[in-house]
Amino acid sequence: MKIAVVGATGATGRRVVKHALAQGHLVTAIARRPEQLSSAERLSLLRGDVISPGGLTGALDGMEVVISCIGPDKNLSPGTLMSVGVASILAECKRADVRRFIMQSGIGLSDGRELSCLSRFVVRVSGRIFTAAVTDKAVAERMTQKIDMEWVIVRPVGMLDKPGKGRYTAGPLARVAVLVPLSFDDCADCLLRAATGEPNWIGKIVNVGS
Ligand SMILES: NC(=O)c1ccc[n+]([C@@H]2O[C@H](COP(=O)([O-])OP(=O)(O)OC[C@H]3O[C@@H](n4cnc5c(N)ncnc54)[C@H](OP(=O)(O)O)[C@@H]3O)[C@@H](O)[C@H]2O)c1
């Protein structure tokens with residue numbers, strides 16, 4: 001498939017690019033500084049900034065699926081990267097007639113109903129600390145849910161740079177353990193499943209964790 005990864009230089013984005021190439025897809029990696037990525041067969045590197053006006057124009061032409069792995073530098077002062085950035089990705093997806101959009105969000109957006117008491121408590125406390133980040137991401141999630149195309153929102157728990165096990169829990173309303181970190185590799189695998197398969201996830205919010 002022709003897959004674009006926005007935020008391709010990030011901790012998750014890099015892994016999504018790597019796994020997508022390993023699975024044989026044609027990948028376009030979009031980043032503010034694409035020179036940070038190594039070139040590879042079936043990989044196109046493209047400069048793009050999701051918050052500068054026109055910063056993505058034409059970048060998604062010919063893509064079947066777009067995966068957003070963008071995220072703010074600081075969660076305590078996230079600005080409007082997610083709301084403004086996802087709006088510009090969605091506008092470009094529409095213009096380019098992209099079939100499916102995958103938004104990497106976070107478990108902090110859950111209202112906690114599907115989680116254990118402890119996980120719900122942790123999500124509520126972190127929501128009070130990172131209110132601005134949650135609010136900005138909530139706007140981005142709502143815009144995604146309204147778009148007239150296939151979409152999946154993926155909400156990972158906290159992540160670490162550790163080897164992926166390929167064994168993780170993922171699905172709509174999945175009861176994930178918020179205090180058990182996920183590997184970036186397993187999150188990347190889940191994002192690619194959302195992008196290339198999993199018809200039952202379309203139009204849903206998917207939790208991913210242990
Ligand atoms: N890390 C975790 O534990 C965790 C857990 C749950 C949810 N999440 C969420 O998952 C998403 C990805 O997380 P991550 O840890 O992989 O993030 P990350 O390593 O901080 O990467 C963020 C990516 O967004 C890009 N970006 C920022 N501003 C941009 C702009 N204006 N235009 C284009 N690209 C821009 C960055 O590019 P540059 O290289 O140019 O800065 C980088 O590639 C975030 O939304 C995060 O909140 C993360």
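Ligands are counted one by one from 1 in listed order, and the atoms in each one are counted from 1 as well. Keep in mind it's a predicted model, so treat the numbers as computed, not measured.
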Distance to 0.1 Å, residue and atom name: give those for the protein heavy atom nearest to [atom].
| atom | result |
| --- | --- |
| atom 9 (C) of ligand 1 | S105 O, 3.4 Å |
| atom 48 (C) of ligand 1 | M159 CE, 3.7 Å |
| atom 14 (P) of ligand 1 | T12 OG1, 3.7 Å |
| atom 23 (C) of ligand 1 | C69 O, 3.7 Å |
| atom 26 (N) of ligand 1 | R32 NH2, 3.9 Å |

>> Less than 4.0 Å is my threshold; does some heavy atom of A31 fall inside it relative to ligand 1?
In response: no

> What do you reckon, does I107 put a non-hydrogen atom under 4.0 Å from ligand 1?
Replying inline: no

> Measuring to protein heavy atoms, does anything land under 4.0 Å from atom 17 (O) of ligand 1?
Replying inline: no

> Atoms of ligand 1 less than 4.0 Å from L81 heavy atoms?
Replying inline: 27 (C), 28 (N), 29 (C), 30 (C), 31 (N)

> Hey, does V50 have a side-chain heavy atom less than 4.5 Å from the side chain of I89?
Replying inline: yes

>> Can you tell whether the side chains of R95 and D61 come within less than 4.0 Å, N to carboxylate O?
In response: yes

> Is it true that R15 and D161 have a side-chain N and a carboxylate O under 4.0 angstrom from each other?
Replying inline: yes

